[in-house]
Amino acid sequence: MVLFRHIPFLKAVFLHSISAFGGPQGHLGLMMKTFVHQRRDVTKEELLDYNAFCQLLPGASSTQTLTLIGYKRGGVPLAVLTLIIWIFPACFLMGAFSFFLEYINQKTLKTDIFKFIQPMTVGFIAYAAIQSYKISVHNTITHVIMAVSTVVTFFLFKSPWVFPLLLVAGGCVTNLSSKRIPQKEVPLKKIKWANIWLFAIIFLVAGVSSELARKNEWPHRKPLNLFENTYRFGSLVFGGGQVLIPMMYEQFVARPESQKLIKRNPHVLKLSRDDFYTGAGMVRAIPGPVFSVASFMGGTLMKDGGNTMQVLGCITGSIAIFLPSALLVLFFYPIWHNMKKYATVYRAMEGINAVVVGIIFAATFYMMKDTVVSDLKMLLLNIAVVVGTWALLSYSRLPSPVIVIVCLALGWIF
């Protein structure tokens, strides 16, 4: 019976999952609109706190942020349901696409219906940046941290290490002075270690099982190898989908081309370059988490074993890529929540939040720079879509899915 009162929230999560384009930064703008301003599930400060915390963890940061919103509303059960509803549409679409890959050529994917999705996403990110700025940047030092973070992130956007380093540096800078926020006595709380032990045990068992399956040439070893590879990605990737996709390329395309490796492991999981690039491109054209590309990769890697194995590959890839994110965020957040009572951590949050604002502004400028235009007309249309999206989010009650549909319709018309 308790679950029924959360149905409106879960419905909002589903609508978010089918309209959230643009990766983590774009997703944050949508969350701000849906779960802060429209539904009031969390405050702006809470959402920024969740987002800043998730930037410090490996895995899918937008997925972890949304999972924490569910956790705040209904504990672990609702957090798990939120996670499943959020990832299912994207994973289903990418998994299904692996079945239709041989019937679709590259030209079919370049339909003009998606031409305004990128400027629309820039509008969502700009909205998130401005809203975040109002909350997190309020004195000289946070203005400086935000400006430096914006510039550094803009020029080093594709470097995965830039995000955690900036976050740590921002937290250290605002701790240089202790006058503003003095330390108060706080009681220590007991730490629950179950999730982190589960995370570590799965990591260890997956690695050992995969290696045993390879050495002993188990007949059905591919699912074990796939689970280990994908779980490892979900456990170690900082920087989101733009880092995950190169790691997958190295594992499934570049590495299997080594003759030395093929001699040692003739049944290594491998993808063709064309299949890989098709999947990596398609995931950008659908809403939801970029990590859902693992569903496509898993299905494509397993398609030689028939339809049943291909379905298993899609499911294995989807579970393995998101499971570490869920276990890490649900373990570390209670610790983080307790740590925030210490002045050192509270002061660090000032700098961390200012860095996050800088990263969001940098993403706005970076994606605007990458918006492809063929002529002056398209440039003006793209700018109009960016400004229009931001204005609708800021000054109207129009739901986010409607804005997405309007931009898709504009792509079809123009």
Side-chain angles (χ1 to χ4, degrees), residues 24-57 61-62 64-65 68-69 72 122-157 162-184 186 333 336-366 368 387 390-391 393-395:
Q25 288 80 24
H27 298 168
L28 182 64
L30 280 165
M31 288 184 214
M32 189 83 71
K33 177 71 172 179
T34 302
F35 300 105
V36 174
H37 295 303
Q38 291 179 343
R39 288 188 42 81
R40 304 187 186 280
D41 294 300
V42 290
T43 65
K44 287 181 185 178
E45 292 83 358
E46 285 175 324
L47 182 61
L48 291 174
D49 178 32
Y50 295 167
N51 184 63
F53 164 67
C54 293
Q55 296 288 339
L56 294 169
L57 297 178
S61 58
S62 58
Q64 291 167 327
T65 302
L68 282 178
I69 296 175
K72 186 230 176 184
V122 175
F124 274 113
I125 298 173
Y127 171 78
I130 292 170
Q131 294 294 321
S132 303
Y133 171 82
K134 293 176 182 177
I135 297 297
S136 300
V137 181
H138 45 72
N139 54 34
T140 302
I141 189 61
T142 50
H143 274 94
V144 171
I145 291 171
M146 181 199 72
V148 171
S149 299
T150 301
V151 174
V152 172
T153 303
F154 180 82
F155 287 105
L156 300 174
F157 200 79
V162 72
F163 301 110
L165 281 185
L166 281 174
L167 291 164
V168 171
C172 291
V173 168
T174 46
N175 259 297
L176 294 177
S177 172
S178 59
K179 294 179 180 179
R180 226 171 40 258
I181 307 172
Q183 179 65 61
K184 296 179 181 179
V186 291
Y333 187 73
W336 176 258
H337 188 68
N338 290 331
M339 286 175 63
K340 285 194 303 175
K341 296 175 183 177
Y342 293 89
T344 300
V345 177
Y346 196 83
R347 289 192 293 263
M349 285 304 301
E350 276 191 308
I352 290 171
N353 282 329
V355 170
V356 169
V357 176
I359 290 172
I360 299 171
F361 270 117
T364 305
F365 301 137
Y366 193 89
M368 192 65 199
V387 175
W390 170 80
L393 289 168
S394 300
Y395 302 111

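Just so we're clear, the structure is a prediction, and the values are computed from it rather than from any experiment.
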Quick one: does any side-chain atom of Thr174 pair with a main-chain N or O of Gly170 as donor and acceptor, under 3.5 Å?
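A pair under 3.5 Å: yes.
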Under the 3.5 angstrom rule, does the side chain of Thr142 hit a backbone N or O of Val137 as a donor-acceptor pair?
no
Distance alone, cut at 3.5 Å: any donor-acceptor contact between the side chains of Tyr133 and His138?
no
Partner residues of Glu46 under the salt bridge (Lys or Arg N to Asp or Glu O under 4.0 Å) criterion, sequence neighbours left out:
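Partners of Glu46 by the salt bridge (Lys or Arg N to Asp or Glu O under 4.0 Å) criterion, ordered by chain and then number, come out as Lys72.
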When you compare the side chain of [Y] with that of [X], does any pair of heavy atoms fall below 4.5 Å?
X: Val355; Y: Val148; answer: no
X: Asn353; Y: Val357; answer: no
X: Ser62; Y: Met31; answer: yes
X: Tyr127; Y: Leu30; answer: no
X: Leu47; Y: Phe35; answer: no
X: Glu350; Y: Asn139; answer: yes

Distance from [X] atom [atom1] to [Y] atom [atom2], nearest 0.5 Å?
X: Leu48; Y: Ile352; atom1: CG; atom2: CD1; answer: 12.5 Å
X: Asp41; Y: Thr34; atom1: CG; atom2: OG1; answer: 9.5 Å
X: Thr65; Y: Asn51; atom1: OG1; atom2: CG; answer: 4.5 Å
X: Lys44; Y: Asp49; atom1: NZ; atom2: CG; answer: 15.5 Å
X: His37; Y: Thr43; atom1: NE2; atom2: OG1; answer: 10.5 Å
X: Cys54; Y: Leu68; atom1: SG; atom2: CG; answer: 4.5 Å

Please tell me whether Phe361 and Phe154 form a close aromatic pair, meaning their ring centres lie under 6.0 Å apart.
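Not close enough - the centres of the two rings lie 6.0 Å or further apart.
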Closest approach of Ser149 to Gly358 (non-hydrogen atoms, all atoms of both residues):
CB-CA, 4.1 Å
Residues that Thr150 engages under side chain to side chain donor-acceptor pair (under 3.5 Å), provided they are two or more places apart
none
